[in-house]
Number of protein chains: 2
Amino acid sequence: MKELERRLLEKQINLTAMRLVVLDYLVKQTNAVSLTDMELSLEKTDRVTLYRSVKTFEEHGLVHRIDDGTGVTKFALCQPACTIDGHHDLHVHFYCINCQETHCLPKAQIPEVKLPCGYERQETSLLVKGLCSECKK
Amino acid sequence: MKELERRLLEKQINLTAMRLVVLDYLVKQTNAVSLTDMELSLEKTDRVTLYRSVKTFEEHGLVHRIDDGTGVTKFALCQPACTIDGHHDLHVHFYCINCQETHCLPKAQIPEVKLPCGYERQETSLLVKGLCSECKK
DNA sequence: AAACAACTGCAATCGTAGTGCATTTATTTC
DNA sequence: GAAATAAATGCACTACGATTGCAGTTGTTT
Ligand SMILES: [Mn+2]
Ligand SMILES: [Mn+2]
Ligand SMILES: [Zn+2]
Ligand SMILES: [Zn+2]
């Protein structure tokens, strides 16, 4: 439990019961989750509070949001490098069209992209859709 | 005008007045557009009909949809290679955080991504956010 | 011209994101 | 430790894009 608290404090996020519950849930996930996922798994939690908890986490560099093309935003824990000053992780995300799960692929870094002259890059996201290793079998 | 008709027939899309209007609009755009953009620009058009026209265009490989992270789907004409059998264009998309326009960057191809063992790629999308050449000046 | 298929337009629904505000809980100040 | 202040929470409600149902229209076929 101390581990969860440490993780919040490390990112300068005030401790609350709710946030500990949310973080506890997030660390147990093997794939990215939506607000609805959380809402269904964590009984007795208000969606808006979840929304704001995750938003706080995101602003402090504890979680990042993932747009997997489904129209529903997913969230997952960040790599340690992310701080309140910004997200500094550039990994690929994968959406399985069979099981419909969204995974972070931290080992697959997003390659540098050559932009046309005059364009300035600030963020890059790369999404691959296909079959995950489980569904491929 | 014949040009527009040819373009629809080429993709095996039946000709209708509405579809010609929509295509005419699309070919004049320099950036990706949302349904709302079309709705506002093309007076006297029903949003649902636009929705279905664009959907048909997409299914026949005439336009592709772009998820630029704003939560609103954008559309743009495809490169010629796309057919009813699928979209075969792998270019980068750019969202300008200043002018909020979304551009296709057909000259910036998406590099190949190494996936973890067992994953099968089917589609890839790469979005860069930043400042476009106009807004950078 | 009857029969059929494709297309269109209006109404209505769905689902997620987001805001406002009052209440509760935690922290600071005296 | 009580009052004042700030932060967090929960409920109600709004906003808006996506999508469906269905009836009416238009276009084709025989
Ligand atoms: Mn991730
Ligand atoms: Mn494009
Ligand atoms: Zn899968
Ligand atoms: Zn711009």
Side-chain angles (χ1 to χ4, degrees), chain A residues 4-5 7-9 11-26 32-60 62-76 84 95 100-102, chain B residues 4-5 7-9 11-26 32-60 62-76 84 95 100-102:
Chain A
L4 294 180
E5 298 182 7
R7 243 171 130 160
L8 289 178
L9 294 173
K11 304 285 184 177
Q12 293 157 54
I13 298 167
N14 293 340
L15 297 181
T16 73
M18 181 86 258
R19 289 172 182 174
L20 286 168
V21 168
V22 175
L23 179 57
D24 179 55
Y25 174 76
L26 287 172
V33 294
S34 67
L35 276 184
T36 303
D37 291 333
M38 296 186 212
E39 197 181 11
L40 295 175
S41 299
L42 305 174
E43 294 293 324
K44 296 184 181 178
T45 53
D46 179 62
R47 188 185 181 87
V48 178
T49 305
L50 285 173
Y51 169 78
R52 290 192 268 231
S53 296
V54 174
K55 191 179 180 190
T56 299
F57 286 4
E58 188 193 7
E59 288 164 354
H60 289 250
L62 182 57
V63 307
H64 58 284
R65 72 172 53 216
I66 303 159
D67 181 344
D68 62 8
T70 62
V72 180
T73 303
K74 306 283 167 61
F75 299 91
I84 196 168
Y95 175 74
Q100 295 169 301
E101 285 182 0
T102 302
Chain B
L4 294 180
E5 298 182 6
R7 242 171 131 159
L8 289 178
L9 293 172
K11 303 287 183 175
Q12 292 156 57
I13 299 168
N14 292 341
L15 298 181
T16 73
M18 180 86 257
R19 289 173 183 174
L20 285 168
V21 168
V22 175
L23 179 56
D24 179 55
Y25 173 77
L26 287 172
V33 293
S34 67
L35 276 186
T36 303
D37 291 333
M38 296 187 211
E39 197 181 12
L40 295 176
S41 301
L42 306 173
E43 293 293 324
K44 296 185 181 175
T45 53
D46 179 61
R47 186 184 181 89
V48 178
T49 306
L50 285 173
Y51 169 79
R52 288 193 269 232
S53 296
V54 174
K55 190 178 182 190
T56 299
F57 286 4
E58 189 193 6
E59 288 165 355
H60 288 251
L62 182 56
V63 307
H64 58 284
R65 73 173 51 217
I66 303 159
D67 182 343
D68 61 9
T70 62
V72 181
T73 303
K74 306 285 167 60
F75 298 91
I84 197 167
Y95 176 75
Q100 294 169 302
E101 285 182 0
T102 301

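The sequence lines fix the lettering, A, B, ..., with proteins before strands; numbering per chain opens at 1.
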- Item | Near-strand residues of residues 32-43 of chain A, defined as heavy-atom separation under 4.0 angstrom from DNA chain D | none
- A:Leu20 CG to C:dT25 P: how many Å, rounded? 16 Å
- Contact check, side chains of B:Met38 and B:Thr45, non-hydrogen atoms, under 4.5 Å: no
- Considering residues at least two apart in sequence or located in another chain, which fulfil the salt bridge (Lys or Arg N to Asp or Glu O under 4.0 Å) criterion with B:Glu59? none
- Message: OP1 or OP2 of D:dT20 versus the side-chain N and O atoms of B:Arg52: is any pair under 4.0 Å?
- Response: no
- Item | With sequence neighbours excluded, residues passing side-chain hydrogen bond (donor to acceptor under 3.5 Å, both in side chains) with B:Glu39 | B:Arg47
- Query: Going by heavy atoms in the side chains, are A:Leu62 and A:Leu23 under 4.5 Å from each other?
  - Reply: yes
Please list each protein N or O that sits under 3.5 Å from an N or O in nucleotides 5-7 of chain C, with the distance.
residue	atom	partner	partner atom	Å
C:dA6	O3'	B:Asn14	ND2	3.3
C:dC7	OP1	B:Asn14	ND2	2.9
C:dC7	OP1	B:Arg19	NH1	2.7
C:dC7	OP1	B:Arg19	NH2	3.4
C:dC7	O5'	B:Arg19	NH2	3.4

- Side chains of A:Met18 and A:Asp46 in contact at under 4.5 Å (non-hydrogen atoms): no
- Quick one: is C:dA17 close enough that its OP1 or OP2 comes under 4.0 Å of any side-chain N or O from A:Thr73? yes
- Qualifying residues under side-chain hydrogen bond (donor to acceptor under 3.5 Å, both in side chains), relative to A:Thr73, sequence neighbours excluded: none
- Item | Rounded distance in Å - CZ (B:Phe75) to C1' (D:dG17) | 11 Å
- Message: Which residues pass the side-chain hydrogen bond (donor to acceptor under 3.5 Å, both in side chains) test with B:His64, not counting sequence neighbours?
- Response: B:His91, B:His93
- Can you tell me if the side-chain N/O atoms of B:Arg47 get under 4.0 Å from OP1 or OP2 in D:dA18? yes
- Task: With DNA chain C as reference, determine whether B:Lys44 or A:Tyr51 sits nearer its 5' end, using the nearest nucleotide of each.
- Result: B:Lys44
- Rounded interatomic separation in angstrom, taking CG from B:Asp46 and C1' from C:dC10: 7 Å
- Does some side-chain heavy atom of A:Tyr25 sit less than 4.5 Å from a side-chain heavy atom of A:Asp37? yes
- Could you state the CG-P distance from B:Leu50 to D:dT19, rounded to the nearest angstrom? 14 Å
- DNA chain C-proximal residues of residues 64-71 of chain A, any heavy atom under 4.0 Å: none
- Task: Would you mind reporting whether A:Val72 and A:Thr36 have side-chain heavy atoms less than 4.5 Å apart?
- Result: no
Which atom pairs, one a donor and one an acceptor, fall under 3.5 Å between side chains of residues 50-57 of chain B and the rest of the protein, sequence neighbours left out?
residue	atom	partner	partner atom	Å
B:Ser53	OG	B:Thr49	O	2.8
B:Thr56	OG1	B:Arg52	O	2.9

- Within residues 62-71 of chain B or reaching into it, pairs that qualify as salt bridge (charged side-chain N to carboxylate O under 4.0 Å, His left out) - sequence neighbours excluded: B:Glu58-B:Arg65, B:Asp68-B:Lys74
